[in-house]
> 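First the structure, then my questions, so here it is.
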Amino acid sequence: GQARKLQAMLESAVDAIITIDGKGIITTVNPAAARLFGYPQDAFIGQNVHFLMPEPYHSAHDGYIANYRATGARKIIGIGREVTGRRRDGTTFPMHLAVSEFEMDGRVHFTGIIHDLSSQKATEQALRQAQ
Ligand code: HEM
């Protein structure tokens, strides 16, 4: 059925997919996210999504969400942005972030799709140096 297909898509996706509630608390995560950030999947659930980012984003992220919910001004939703993520070992990496919003049972949720840009950036750098 539909639910099993959705589950299989989430499990097999190359990109990291994370959903949060309206306060930034992680409610679902896929295996690609676990591989990318270096935590087991169950370590994400119930954490604030800001644990996956370095400063200044880490301290500011609750405010970003609150600001969006208060004003409706979209800075990333429907636009996307290149930002910096932080792995479990403390190293940081470039990533493209796409965010969308949905409502379920009268509550707002957000889905983030994260594409790791580290190898693309390394290739670009190598090409520049070869010129
Ligand atoms: C907004 C950074 C992950 C949900 C933002 C903004 C930044 C940011 C810079 C815009 C601030 C502004 O200009 O006002 C990051 C970084 C992440 C990350 C560095 C690295 C892990 C996520 C994920 C989700 C998410 C995984 C969702 C599951 C949101 C929401 C907003 C937001 C809902 C407000 C809406 C908007 O600005 O359009 N984030 N974010 N973020 N982020 Fe994140």
Side-chain angles (χ1 to χ4, degrees):
Q2 184 89 337
R4 281 183 57 232
K5 278 194 192 121
L6 283 171
Q7 184 68 26
M9 275 172 55
L10 207 58
E11 295 288 324
S12 63
V14 173
D15 286 340
I17 305 175
I18 295 171
T19 61
I20 59 173
D21 67 14
K23 292 206 146 71
I25 304 304
I26 297 175
T27 50
T28 61
V29 68
N30 73 341
R35 280 195 298 275
L36 179 59
F37 288 98
Y39 298 92
Q41 249 174 282
D42 59 13
F44 289 76
I45 309 299
Q47 296 265 12
N48 189 309
V49 71
H50 71 196
F51 92 114
L52 299 174
M53 54 194 90
E55 295 294 351
Y57 302 123
H58 178 85
S59 298
H61 203 262
D62 285 359
Y64 295 157
I65 298 174
N67 185 56
Y68 167 69
R69 296 193 60 193
T71 66
R74 301 168 160 203
K75 306 285 179 56
I76 292 200
I77 295 175
I79 303 163
R81 189 173 315 177
E82 193 181 316
V83 292
T84 305
R86 185 183 185 279
R87 301 186 189 91
R88 185 182 193 171
D89 67 7
T91 56
T92 57
F93 63 97
M95 53 176 253
H96 181 268
L97 173 66
V99 177
S100 57
E101 181 180 11
F102 66 95
E103 210 184 280
M104 196 176 267
D105 303 325
R107 285 171 196 265
V108 65
H109 299 264
F110 301 97
T111 304
I113 300 184
I114 293 169
H115 184 69
D116 182 5
L117 294 174
S118 7
S119 62
Q120 187 184 317
K121 293 274 164 186
T123 306
E124 281 168 12
Q125 173 119 24
L127 282 171
R128 268 197 305 276
Q129 278 167 2
Q131 272 170 7

> Working to the nearest 0.5 angstrom, can you tell me the gap between Leu36 CG and Arg88 CZ?
14.0 Å
> Drop me the distance from Met9's CE to Asn30's CG, to the nearest 0.5 angstrom.
10.5 Å
> Would you say Tyr64 and Ile113 are hydrophobically clustered, going by side-chain heavy atoms of ILVMFWY under 4.5 Å?
no
> I'd like to know if the side chain of Gln41 reaches the main chain of Val29, judged simply by a donor and an acceptor atom lying under 3.5 Å from each other, with no hydrogens or angles considered.
yes
> Taking all atoms of both residues into account, what is the closest heavy-atom pair of Ala33 and Ala16, and its distance?
CA-CB, 3.5 Å
> So, do Asp21 and Ile26 sit near enough that their side-chain heavy atoms are less than 4.5 Å apart?
no
> Throw together a table of side-chain donor-acceptor distances under 3.5 angstrom for residues 72-86, partners on residues two or more places apart or in other chains.
residue, atom, partner, partner atom, Å
Arg81, NH2, Lys75, O, 3.4
Glu82, OE1, Lys121, NZ, 3.4
Glu82, OE2, Lys121, NZ, 3.0

> Could you walk me through whether Phe110 and Thr19 pass side-chain contact (heavy atoms from CB on, under 4.5 Å), step by step?
CA-CA 6 Å; Phe110 301 97; Thr19 61; over 6 Å; no
> From Gln7 CD over to Gln2 CD, what is the distance, rounded to the nearest 0.5 angstrom?
13.0 Å
> Mind checking the NZ-CZ spacing from Lys23 to Arg107? Nearest 0.5 Å is all I need.
8.5 Å
> For Ile18 and Thr111: C-alpha separation, side-chain torsions, deciding distance, then whether side-chain contact (heavy atoms from CB on, under 4.5 Å) applies.
CA-CA 6 Å; Ile18 295 171; Thr111 304; over 6 Å; no
> Where the side chain of Thr91 meets the backbone of Arg87, is there a donor-acceptor pair that is under 3.5 Å apart?
no
> Determine the minimum heavy-atom distance between Glu103 and Val108, stating which atoms define it.
CG-N, 4.4 Å
> For the pair Met95 and Leu97, evaluate side-chain contact (heavy atoms from CB on, under 4.5 Å) and give the outcome as yes or no after the intermediate values.
CA-CA 6 Å; Met95 53 176 253; Leu97 173 66; 4.0 Å; yes
> Between Asn48 (side chain only) and His50 (backbone N and O only), is there a donor and an acceptor less than 3.5 Å apart?
yes
> Would you say that Leu10 contacts Ile17 through its side chain, given a criterion of any heavy-atom pair below 4.5 Å between the two side chains?
yes
> Give the C-alpha distance, both sets of side-chain angles, the deciding distance and a yes or no for ring-ring contact (aromatic ring centres under 6.0 Å, His included) between Phe93 and Phe37.
CA-CA 10 Å; Phe93 63 97; Phe37 288 98; 5.5 Å; yes
> Please report the shortest heavy-atom distance between Gly22 and Arg69, naming the atom on each side.
O-NH1, 3.0 Å
> Tell me if a side-chain donor or acceptor on Gln125 pairs with a main-chain N or O of Gln129 at a distance below 3.5 Å.
no
> Do Ile45 and Ile65 share a hydrophobic cluster (ILVMFWY, side-chain heavy atoms under 4.5 Å, transitive)?
yes
> Using the side-chain contact (heavy atoms from CB on, under 4.5 Å) rule, take Phe44 and Leu52 through it: C-alpha gap first, then chi angles, then the decisive distance, then the call.
CA-CA 9 Å; Phe44 289 76; Leu52 299 174; 3.9 Å; yes
> Can you find a pair of side-chain heavy atoms, one from His109 and one from Glu101, that are under 4.5 Å apart?
no
> Testing the 3.5 Å rule here: is there a donor-acceptor pair between the side chains of His115 and Asp15?
yes
> Show the nearest heavy-atom pair for residues Pro40 and Ala34, with the distance to one decimal.
C-CB, 4.4 Å
> Would Gln47 and Tyr39 count as having a side-chain donor-acceptor pair, cut-off 3.5 Å?
no
> Are the side chains of Ser119 and Glu124 in touch, meaning some heavy atoms are under 4.5 Å apart?
no
